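Input: a single structure, listed below in structure tokens.
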Amino acid sequence: MAVRRLALACPVEMTEMTVRTRFAPSPTGYLHIGGVRTALFCWLFARKHGGQFVLRIDDTDQQRNVDEALRPILDGLRWLGIDWDEGPDVDGPHAPYFQSQRGERYAAAAESLLASGHAYRDYATTEEIQAEREAAQNAKQQFRYSRRWMANSPEDDERFRAEGREAVVRLKMPTDGKLVIDDLVRGRVEFDWSSEQDHVIQRADGSPLYHLASVVDDHDMGITHVVRAEEHLSNTPRQVFIAEALGFPRPQYAHLPYVAEPGSKNKLSKRKLDKYLKNADFAKLMAHGEAIARRLGRAIEADTFNPVIVDFYRDVGYLPEAIVNYLLLLGWSLDDKTEFFDRAAMVENFSLARVNKAPASFDPQKLVAFQQHYMHQLAAESITPLVEPYAAEAGMTAAPPNADEQKKLARIVTAAGDRITVAGDVLDYGYFFTADDALEYDEKAFEKRLRKPDDAADLLRGFADELAAAPSFDAASLDALLHAYVERRGINIGQIIHALRVATTGQAVGFGMFDTLAILGRESTRARIERALSLI
RNA sequence: GGCCCCGUCGUCUAGUCUGGCUUAGGACACUGGCCUUUCACGCCUGUAACACGGGUUCAAAUCCCGUCGGGGUCACCA
């Protein structure tokens, strides 16, 4: 209460009051990349100012499986390290944090708005409103409800009810003057009250609509800064009207630009996947993820497996810090050179004043670049545990990998180095785990490197004998062994190494040849060469 | 269409408030080159932008006006 009075007394930016922000998703079943960017900025702003970040669930249009539809959102936020001080699972002093459970508050607020004359009961049917709207449109005039079925007295209520009508509650919006808001991102923004509508805030059955619920909750939960996406900018007048009519202090607003499609300024949407796939970079990002999902044997559900959704990145093994860092720079920058921020640096440096006003396009390439950067920062010991679940799920190893498999994975990760960009990339090295007689060959590579050159078989056979007699089988020794062999035969190393790679891995590409052979071991290497030879 | 917002390299951006320090800087991507057994990494290098038009000023990406372009939003959705 003291906090609220303080807020009334002086503008927020002047006070030392605790900053409280909120992210208020509706349970849609997925966490949108643009939505999470908004959540991140809200979180950052609260953390920066030592305040609280509240998670509230806007489920006023009560969907059936709220729990199920909410889980991906909560999991996604947690995965990215965006924790909430109050909200689902943690609760808090302003519980409940689900709008579906706060009905009485909204009903009371509607009642109070009615009593103070800031709202009225309206008995118009949807059709009647629609007819007015169309009439205005045909006359090329701006639509404004005539208030024809507004109840001015108990007698009106009775009369309309006698006609079998039901009442919604509408805002009685001002008809002249201006509303000025000082947006923390966009600066001063003005609206004419005359272009606002008498919005419905409560349905005939008494259920609340979004704007009422949102304003009431923001107040009840002590939200000081409403940080949200730009699409809400034009909703602000009606919300300010509600807040002020209810005697609430006006929160500070900050409208963030939305995240745009790759290569365009349209708002990024989960539903336009087909369109985005026409963008080469986006398609590549998707294809990479799909290849991993396929190897894992997962069903690729068009509805959820989508780079617009945060789950996509977690599923294929991206690093949350890479995603967060990328998102941070989508619409915000510190200066002209700093690009990498750890959590502490983000919190330390974040400010709404440096948020850009123009929408920023989602750039798959840049996202991948951040992922590579953070992955390369990690030592092999840190990457191996990340990679194990993928190897296990794909059936490369037991689940979980046994001690030998773990060791082998560690060696693979070390040898692969920066070739492993996301954890799921470990599946590129499945050939280390397949039985020697079940190795599959890339047909093209087999043709090019083994069948076509007439000396390939002979060279391989000769080297296989060397391998059999090799005193040790570590990468350095193998390196020396092959170079000596090459010199003795008077050939270029390229003449045998490609054939060797295809014969032992089935692939045209891979990491260092000698690391590959060393990890494979003497028995497998020889068995694979023999088998390849027999297939030529 | 009304209202509102936005407009610097292909993309993310610095610079705009407080005009000169800017031959407009950085990053990603892309060119070419080096390295090299493939792939990848790394290193070097190059291309590339102030939407347009008028003002104001000794001086404008920066201030003013206009134009054009893009987007958001106009629900008994959130």
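Each chain gets a letter, A, B and so on, in the order its sequence line appears, and its residues count up from 1. In this text the structure is predicted, and so the values were computed from the model without any measurement.
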> Given atom NE2 of A:H199 and atom P of B:C3, what is their separation to the nearest angstrom?
Replying inline: 16 Å

> For A:Y210 and B:A75, what is the distance between atoms OH and P respectively, to the nearest whole Å?
Replying inline: 16 Å

>> Strictly below 4.0 Å: does A:S333 bring a side-chain N or O up to OP1 or OP2 of B:A14?
In response: yes

> Quick one: side-chain hydrogen bond (donor to acceptor under 3.5 Å, both in side chains) pairs with a partner in residues 495-514 of chain A, sequence neighbours left out?
Replying inline: A:D455-A:Q495

> Rounded to the nearest Å, what distance is computed from the CG atom of residue A:L268 to the P atom of nucleotide B:G70?
Replying inline: 20 Å

> For A:G331 and A:D198, take the nucleotide of RNA chain B holding the closest heavy atom to each; which residue's nucleotide lies nearer the 5' end?
Replying inline: A:G331

> With a non-hydrogen cut-off below 4.0 angstrom, is A:K267 in contact with a base, only sugar-phosphate, or nothing?
Replying inline: sugar-phosphate

> How would nucleotides 23-32 of chain B be written as a contact map, 5' to 3', with B for base contact, S for sugar-phosphate-only contact and - for no contact, using protein heavy atoms under 4.0 Å?
Replying inline: --BSBSS---

> If you check every side-chain atom of A:R354, which of B:C76, B:C12, B:A14 has the closest atom?
Replying inline: B:A14

>> Let's see if you can work this out: which of B:A78, B:U11, B:A40 has an atom nearest to the side-chain heavy atoms of A:R419?
In response: B:A40

> Residues in ring pair (Phe, Tyr, Trp, His ring centres under 6.0 Å) with A:H373, at least two apart?
Replying inline: A:F340

> Just checking A:F511: base, sugar-phosphate only, or nothing, at a heavy-atom cut-off of under 4.0 Å?
Replying inline: base

> Does A:S361 have a side-chain nitrogen or oxygen under 4.0 Å from the phosphate oxygens OP1 or OP2 of B:C12?
Replying inline: yes

> Checking all strands, does A:A136 fall into the base, sugar-phosphate, or nothing category for heavy-atom contacts under 4.0 angstrom?
Replying inline: nothing

> In the structure shown, which nucleotide is the Watson-Crick or G-U wobble counterpart of B:G1, with both distances under 3.5 Å?
Replying inline: B:C74

>> Parallel, tilted or perpendicular: which one describes the rings of A:H199 and A:H211, with boundaries at 30° and 60°?
In response: tilted

> Between B:C76, B:A14, B:C12, which nucleotide gets closest to the side-chain atoms of A:L209?
Replying inline: B:C76

>> Quick check on contacts: within residues 480-502 of chain A, what sits under 4.0 Å from RNA chain B by heavy-atom distance?
In response: A:I493, A:I497, A:H498, A:R501

> Could you give the CG-to-C1' distance, from A:N266 to B:G70, as a whole number of Å?
Replying inline: 9 Å

> Counting side-chain heavy atoms from CB outward, which of B:A78, B:U38, B:U73 is closest to A:R203?
Replying inline: B:A78

> Between B:A78 atom C1' and A:D217 atom CG, what is the distance in whole Å?
Replying inline: 13 Å

> Say you pick atom C1' in B:C44 and the same atom in B:C52; how far apart are they, in whole Å?
Replying inline: 39 Å

> What is the distance, rounded to the nearest whole Å, between atom CZ of A:R228 and atom P of B:G72?
Replying inline: 18 Å

>> For the C1' atoms, the ones on B:A48 and on B:U8, what distance do you get once it is rounded to whole angstrom?
In response: 12 Å

> Aromatic rings A:Y30 and A:H32: how do their planes relate, parallel, tilted or perpendicular, breaks at 30° and 60°?
Replying inline: tilted

>> When both hydrogen-bonding distances must be under 3.5 Å and the geometry is Watson-Crick or G-U wobble, what is B:G20 paired with, if anything?
In response: B:C58

> Starting at the 5' end of RNA chain B and moving along, which residue's nearest nucleotide shows up first, A:L329 or A:T126?
Replying inline: A:L329

> Taking atom C1' of B:A78 as reference, at what distance in whole Å does atom CZ of A:R56 sit?
Replying inline: 11 Å

>> Which residues pass the salt bridge (Lys or Arg N to Asp or Glu O under 4.0 Å) test with A:R489, not counting sequence neighbours?
In response: A:D458

> Do you know the tightest heavy-atom contact between A:A475 and A:D515?
Replying inline: CB-OD1, 3.5 Å

> Across the strands shown, which category fits A:R133 at heavy-atom distances under 4.0 angstrom: base, sugar-phosphate, nothing?
Replying inline: sugar-phosphate

>> Please determine whether the number of non-hydrogen atoms from other residues, nucleotides or ligands lying under 6.0 Å from atom NZ of A:K270 exceeds 12.
In response: yes

> Excluding sequence neighbours, so at least two apart, what forms ring pair (Phe, Tyr, Trp, His ring centres under 6.0 Å) with A:F463?
Replying inline: A:Y485

>> Once you apply a heavy-atom cut-off of 4.0 Å, does A:H211 come out as touching a base, just sugar-phosphate, or nothing?
In response: base

>> Please report whether the ring centroid of A:F41 lies less than 6.0 Å from that of A:W332.
In response: no

> Counting side-chain heavy atoms from C-beta on, which of B:U38, B:A78, B:C3 comes nearest to A:S195?
Replying inline: B:C3

> Starting at CZ of A:F362 and ending at P of B:U11, how long is that distance when rounded to a whole Å?
Replying inline: 16 Å

> Is there any side-chain hydrogen bond (donor to acceptor under 3.5 Å, both in side chains) pair reaching into residues 165-174 of chain A, and which pairs are they, with sequence neighbours excluded?
Replying inline: A:D122-A:R170, A:E128-A:R165, A:E163-A:R165

>> Suppose we screen for ring pair (Phe, Tyr, Trp, His ring centres under 6.0 Å). Which residues come up paired with A:F446, at least two apart in sequence or across chains?
In response: A:Y441

>> Could you measure the distance from the OH atom of A:Y106 to the CG atom of A:L113? Nearest 0.5 Å is fine.
In response: 14.5 Å

>> Holding to ring pair (Phe, Tyr, Trp, His ring centres under 6.0 Å), I want the full list of residues that pass it with A:H118, two or more places apart in sequence or in another chain.
In response: A:F241

>> Could you report the tightest heavy-atom contact between A:M173 and A:Q197, atom names first, then the distance?
In response: CG-O, 2.9 Å

>> Any heavy-atom pair between the side chains of A:H288 and A:D425 that's under 4.5 Å?
In response: yes

>> Give the residues of residues 512-520 of chain A touching RNA chain B, defined as any heavy atom closer than 4.0 Å, sorted by residue number.
In response: A:G512, A:M513, A:F514

> Rounding to the closest angstrom, what is the interatomic distance between B:G25 and B:C39 at atom P?
Replying inline: 34 Å

>> Using a 4.0 Å heavy-atom cut-off, does A:H232 contact any base of the nucleic acid, only the sugar-phosphate backbone, or nothing at all?
In response: base

> Is there a Watson-Crick or G-U wobble partner for B:U36 with both distances under 3.5 Å, and which nucleotide is it?
Replying inline: none

Is there any protein nitrogen or oxygen under 3.5 Å from a nitrogen or oxygen in nucleotides 5-7 of chain B, and what are the pairs?
residue, atom, partner, partner atom, Å
B:C5, O2', A:R186, NE, 3.2
B:C5, O2', A:R186, NH2, 2.6

> Residues in salt bridge (Lys or Arg N to Asp or Glu O under 4.0 Å) with A:R102, at least two apart?
Replying inline: A:D217, A:D220

